[in-house]
Amino acid sequence: MPRLLVVFPVPMKYRTYLIFGAPGSGKGTQGKILGAIPRFFHCACGDVFRSLDTRTPIGQAFLDYSSRGELVPDEITVKLWMARIADSVGAHIFKPDLDSLVLDGIPRSVSQARIMQDMIEVKRVFHLSCPDRAALVARLKKRALKENRFDDANEATIRARLATYEAESKPVLEFYGPQLVRDIDATQAPVKVLSDVLGIINHET
Ligand code: ADP
């Protein structure tokens, strides 16, 4: 009797660019612009959290952690992110066979990067670098006024977020390593930062 060959579809990994950097480094600004270009799909993890109903347990968890300047636990975060991506695929706004995924705000810890390893094929990590922490604090304070971001509203929370970035997020750069990471001067004008990012993407595609 002929053997029945069962072929399971191999889940494809999303072709991904990561926009990485400290709070206030301009990830969201760049991510939004890239996401407006055909064949790129932008997903900002912070926006996914902010879109949650704050009466739900996960919405509450987001408020609690982010108001302390801490990261939301990794498992919840990646699950939520996966659900958002699945919804976007289902709604045909993200077409993984055609589009590159542009992620900002995730992965934000080495453990998230590990969990996501089977789902994303990282083509480049754009590190929006701004060693001048005072400049970041000034940007975040300005954003608090303009965008009504409660987590930017007081200096203690801002400092806590920068400390969280140093301790938990920055090691993600080592996880991906110098072959994938490109440093970009985040103190430049947004158009110059964009031009640097696009220059690198264009060079490779
Ligand atoms: P920013 O990059 O300016 O800090 P975000 O909008 O990306 O702002 O994130 C706001 C808050 O949402 C973070 O301080 C954190 O509490 C939570 N958050 C966002 N992304 C993640 C993530 N990948 N893992 C855990 N927490 C996250």
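In listed order, ligands and their atoms are each counted from 1.
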TODO: Look only at the side chain of Thr16 and the backbone of Tyr14, and say whether a donor-acceptor pair between them is shorter than 3.5 Å.
DONE: yes

Task: For Phe175, ring pair (Phe, Tyr, Trp, His ring centres under 6.0 Å) partners two or more places apart - done: none

Could you pull out every donor-acceptor pair under 3.5 Å between side chains of residues 37-45 and any protein atom, sequence neighbours left out?
unit_1	atom_1	unit_2	atom_2	d
His42	NE2	Asp104	OD2	2.6

Open item on the list: Please list all pairs meeting side-chain hydrogen bond (donor to acceptor under 3.5 Å, both in side chains) that have one or both residues in residues 58-67, counting only residues at least two apart or in different chains.
Closed with: none

- [ ] Could you please provide the protein residues found below 4.0 Å of ligand 1 on a heavy-atom basis, arranged by chain and number?
- [x] Pro23, Gly24, Lys27, Cys45, Gly46, Phe49, Arg50, Phe62, Ser66, Glu70, Leu71, Val72, Thr77, Gly105, Ile106, Arg108, Gln112, Arg143, Arg149, Asp151, Arg161

- [ ] Look at the aromatic rings of Phe49 and Phe62 and report parallel, tilted or perpendicular, splitting at 30° and 60°.
- [x] parallel

Open item on the list: For Arg50, is there an ion pair with Asp47 - N to carboxylate O distance below 4.0 angstrom?
Closed with: yes

